[in-house]
Amino acid sequence: MAGTEEPKPSHFIREIITRDMETNKYGKRVHTRFPPEPNGYLHIGHAKSICLNFGLAAEFGGLCNLRFDDTNPSKEEVEYVDSIMEDVRWLGFDWQERLFYASDYFGKLYECAVELIKIGKAYVCDLSADEMREYRGTLTEPGRESPYRNRSVEENLDLFGLMKAGEFPDGSRTLRAKIDMASGNINMRDPVMFRIMRATHHRTGDSWRIYPMYDYAHCISDSVEGITHSICTLEFEDHRPLYDWFLDELKLYHPRQIEFARLNLSHTVLSKRKLITLVEKGHVTGWDDPRMPSIAGFRRRGYTPEAIRNFCERIGVAKRDSVVDMALLEFCIREDLNLKAPRKMAVVRPLRVVIENYPEGQTEELDAVNNPEDPAMGTRKIPFSRVLYIEQDDFREDPPKQFFRLAPGREVRLRYAYFITCTGVVRDDKGDVVELRCTYDPATRGGDSPDGRKVKATLHWVSAGHAVEAEVRLYEHLFKTPALGAGTGNFLDDLNPGSIETLRSCYVEPSLKNALPGFGCQFERLGYFCVDADSSEGRPVFNRTVTLKDTWAKIEKGKKG
RNA sequence: UGGGGAGUCGUCCAAUGGCAGGACGGCAGACUCUGGAUCUGUUUAUAGGGGUUCGAAUCCUCUCUCCCCAGCCA
């Protein structure tokens, strides 16, 4: 193992930590945290942050905490807490006993606020939300100081105590940091630290009527937990002076905040607001719809934690806004599944084939390789008989150039079975081909020709009498354009109407009859699929995780132009 | 027009004064009982101007473009 792995390409955060270790800045410690707000499901963008925080800690022999940033009870729910823990675990990370909540620190946060009042750095403000907005100024004009800014320490202490005691109505007063109303950085214009809000908190119940704001709570939470590197996304860059200000004024242990660019993925959306819109407006069936870029969606779609982790490693970490091509994620899952997924035979758009010279009523068991990439996965038997199904796409009455598959008079191989030649077609009333008549060459049993003759195509197939009927859901990109909302500004206009195609009369090989939800495999020549929880006894439902690379489809598409 | 950030192949990430490199995608070919996988080749980039230097993606300077901030959200 050691020495054989290629060194990971470094990035600026890794370099900062390496330097801090060398200079002994935090006593050779690395301690990170993943701090989700429990108001939504995790998505692939969070996975980047999770991999970064947990990954960096592991790499440097440090620790990573899971901390719920639950400072706003009006938006947060327990349902989300549970799903977030499940998703982080599924991704393969372990916070051990270090599960924390910002709400664990409500008492500490209150005490620190009293301290800031005492040193004249915080005050109770009676301005309404509207008034405060007016006093704040604009991006180009400085703000004005609140008329309540210079209350005495005693009065502030008294008022803040009454706020905590629930003596004032919601929104009537706030506790503000006394910093600089003329700052070019709007976050420094006397930001709110506590607001009055009567809402039942998922952990503290009704014991608090004041709740801390993110900027105030986050830095102190990091400090209390002994975090060394507080990694967050770019939009918090101009909150850093405030992060630093609170800790400096309170003379508390001071972690370093480092910002990186959040992940954007082509052909999808990763903003919480847009994701919620998709769910609520019914464009998807839920947070775990296999088309969703949520962790739950990818899991149900058949993605593996390994593939997602590998993806997060490959995309790198930088400070530049970027949009990663979905093709890279698809490459990562194919790469992983190619090595691990057992191969199966399945026909999603069946075309009936009768082998005219094969004895009626006869069945044979043929050997099929479970995974050509991994001989250790062994072989299995698949039944062959006179009546089969092949894929409609694998037959053309009038084959175009470069089409190597079956056509009248042409010989192809049925994988692991025999060479067959098409001798005729059967049509329905409308003139559509509904059945193929073929002959087989008994000498080619197993798929090899003793006389050395070649065929240009190998087809997958199932035996009609043995196959299991199944439903197959074919997924494509949720959005038809790589960059969303470019035309109309409304991302919903870019939804791909063909993002799901449900095929109800598919046939899969018998070994799949009782496959359990979550089971993943490759349907030969089609793609990777996994069993959905919607499956019922004897009738499995499959989700297509991703197609195989399809050279022929590319050729055909190119022709159409 | 305040403050904070960022500009390198189509995309993402490297190169930290010394031959602009890797991955994905694309294209072409080899091989193949999956038109898969694998292998080979190939295409394309330092936002612009000026300067420092033997030498600049990197340092200086001017300009341009893009992103974030005016929640009692995080």
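Convention: sequence-line order gives letters A, B, ...; per-chain numbering from 1. All heavy atoms count here, side chains included; hydrogens, waters and symmetry mates do not.
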Separation of atom CD in A/E391 from atom P in B/G36, rounded to whole Å: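 To the nearest whole Å, that distance equals 17 Å.
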
Interatomic distance, A/E15 CD vs B/A15 C1' [rounded to whole Å]: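 Result: 11 Å.
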
Touch class at under 4.0 angstrom, heavy-atom based, for [X] against every strand present:
{"X": "A/T551", "value": "sugar-phosphate"}
{"X": "A/R314", "value": "sugar-phosphate"}
{"X": "A/L548", "value": "base"}
{"X": "A/V455", "value": "nothing"}
{"X": "A/V369", "value": "nothing"}
{"X": "A/Y416", "value": "base"}
{"X": "A/E141", "value": "nothing"}
{"X": "A/F403", "value": "base"}

N/O donor-acceptor pair, side chain A/Q522 with base B/U34, under 3.5 angstrom: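 Yes, a donor-acceptor pair under 3.5 Å.
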
Quiz item: A/E556 side-chain donor-acceptor pair to B/G35 base, under 3.5 Å: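 No such pair is found, so the answer is no.
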
Set of residues satisfying ring-ring contact (aromatic ring centres under 6.0 Å, His included) with respect to A/Y418, sequence neighbours excluded: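 For A/Y418, the residues satisfying ring-ring contact (aromatic ring centres under 6.0 Å, His included) (neighbours in sequence not counted) are A/F384, A/Y440.
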
Taking only the side-chain heavy atoms of [X] (C-beta and beyond), determine which of [options] contains the nearest atom.
{"X": "A/L328", "options": "B/G36, B/A6, B/C24", "result": "B/C24"}
{"X": "A/F331", "options": "B/G35, B/G25, B/G5", "result": "B/G25"}
{"X": "A/E237", "options": "B/G25, B/G2, B/G5", "result": "B/G5"}

Contact list for RNA chain B against residues 332-346 of chain A - heavy-atom distance below 4.0 Å: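 Correct list: A/N338, A/R343.
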
Of A/W552 and A/S322, the one whose closest RNA chain B nucleotide lies more 5':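 Its nucleotide being nearer the 5' end, the pick is A/S322.
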
Residue whose nearest RNA chain B nucleotide is more 5′ - A/S183 or A/K554: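 Upstream on the strand: A/S183.
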
is_close_aromatic(A/Y214, A/F236), centroid dist under 6.0 Å: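 Yes; A/F236 has its ring centre under 6.0 Å from that of A/Y214.
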
Near-ring test A/Y216/A/F194, centroid separation under 6.0 angstrom: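 Centroid distance A/F194-A/Y216: below 6.0 Å, so yes.
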
Stacking of A/F404 on B/G35 base (centres under 5.5 Å, planes under 30°):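 One would call A/F404 stacked on the B/G35 base.
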
Where the chi angle of B/G10 falls, syn if within 90° of 0 and anti if not: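 You should classify B/G10 as anti.
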
Contact summary for A/L265 and A/V323, nearest pair of heavy atoms: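 Minimum heavy-atom contact is C-CG1, 3.9 Å.
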
Range-with-range stems for RNA chain B, at least three Watson-Crick or G-U pairs under 3.5 Å: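 For RNA chain B the paired stretches long enough to count as stems (3 pairs minimum) are B:2-7 with B:64-69, B:10-13 with B:21-24, B:26-30 with B:38-42, B:47-51 with B:59-63.
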
Short side-chain N/O contact from A/R189 to OP1 or OP2 of B/G3, under 4.0 Å: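 Checking B/G3 against A/R189, no side-chain N or O comes under 4.0 Å of OP1 or OP2.
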
Partners passing salt bridge (charged side-chain N to carboxylate O under 4.0 Å, His left out) against A/K381 (at least two apart in sequence or in another chain):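 A/K381 satisfies salt bridge (charged side-chain N to carboxylate O under 4.0 Å, His left out) with A/D367 only.
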
Contact state string [nucleotides 65-74 of chain B, B base, S sugar-phosphate only, - no protein heavy atom under 4.0 Å]: --SBBBSBBB

Partner set under side-chain contact (heavy atoms from CB on, under 4.5 Å) for A/N310, not counting sequence neighbours: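 Once residues adjacent in sequence are excluded, the partners of A/N310 under the side-chain contact (heavy atoms from CB on, under 4.5 Å) criterion are A/R314, A/C332, A/E335.
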
Residue from A/T32, A/N53, A/N65 passing side chain to side chain contact (heavy atoms under 4.5 Å, CB included) with A/I227: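 Between A/I227 and the candidates, side chain to side chain contact (heavy atoms under 4.5 Å, CB included) is satisfied uniquely by A/N65.
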
N-O pairing of A/E313 and A/R14 below 4.0 Å: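 Counted as a salt bridge, because a side-chain N and a carboxylate O are separated by less than 4.0 Å.
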
